[in-house]
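Counting starts at 1 for both ligands and their atoms, following the listed order.
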Amino acid sequence: MRVDRFLSNLPCFNRKQVRLLLAEKRVRLDGKIVSDPHAEVREFSRVEVDNEVLQVGKPVRHFMLHKPPGCVSATRDPQHPTVLDLIHEPDKDELHIAGRLDFNTTGLMLITNDGSWSRRLTQPQTKLPKVYWVETEQAIAPEYALKFAEGMYFAFEDLTTLPADLLVLGPTSARLSIVEGRYHQVKRMFGHFNNKVLRLHREKMGPLVLDPLLKPGEYRPLSDEEIQLI
Ligand code: URA
């Protein structure tokens with residue numbers, strides 16, 4: 001059924017309101033804004049107006065995985081095992097990763113079929129802190145924290161990173177909180193000081209914390225409370 005008809009069949013909107021909602025880009029179909037009144041709503045499409053879900057669509061699924069080292073944050077890879085290989089669920093091809101990690105980075109990884117949920121989690125505008133435990137080759141000097149808090153210029157993207165918070169835990173270990181997810185961001189930040197990151201582990205994404213009961217390679221569904229946090 002056309003999206004304009006679907007909406008005006010609901011008791012809450014008349015046709016004029018539906019035209020306006022579409023023109024004001026307040027309607028989402030399967031997580032994407034639609035303004036075309038002919039867009040097709042199917043039995044399993046998700047329909048949202050503003051942030052209100054009018055049709056749920058397919059059951060949403062959310063998982064937390066403890067990513068081990070040596071696997072790729074991708075759904076497919078010709079050479080290496082992927083994080084999706086660790087998930088044993090039906091309809092795996094519908095799942096995607098919310099916030100990738102490098103091949104040898106470990107820790108919290110979120111996997112879902114819910115596009116609007118993962119967008120809220122990863123889009124830079126929401127500025128959700130991602131917390132990493134870092135071990136480096138050289139000693140971490142006090143000036144790092146200042147530089148990270150100031151923001152760092154990344155010439156390749158021609159941007160300055162948003163302020164990041166560094167807590168030094170030992171001579172070569174620290175906890176770093178960043179609100180973006182630029183390509184190899186943490187390694188490049190330490191790389192500015194010619195200090196190589198030897199181990200990197202994501203502990204948190206916003207309010208979601210890696211479950212300490214999960215061993216590397218294990219996963220579990222998120223609870224309803226955890227899903228609602230995002
Ligand atoms: N920053 C990195 O450099 N690597 C990751 O895997 C995550 C953040």
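In this structure, H66 has its ring center no closer than 6.0 Å to that of Y219.
Think of V47 as one node in a network of Ile, Leu, Val, Met, Phe, Trp and Tyr side chains linked at under 4.5 Å; its network also takes in M1, V3, F6, L7, L10, F13, V18, L21, L22, V27, L29, V34, V41, V49, L54. Other members of the cluster containing V56 are V53, with ILVMFWY side chains joined at under 4.5 Å, either directly or via other members.
Residues R199 and E135 are paired through a salt bridge, judged by an N-O separation under 4.0 Å between the basic side chain and the carboxylate.
No more than 12 heavy atoms of other residues, nucleotides or ligands shown are found within 6.0 angstrom of NZ on K204.
For Y183, there are no side-chain hydrogen bond (donor to acceptor under 3.5 Å, both in side chains) partners at least two apart in sequence or on another chain.
The immediate protein surroundings of ligand 1, defined as residues with any heavy atom under 4.0 Å of it, consist of L101, D102, T105, Y132, H184, Q185, V186, K187, L200.
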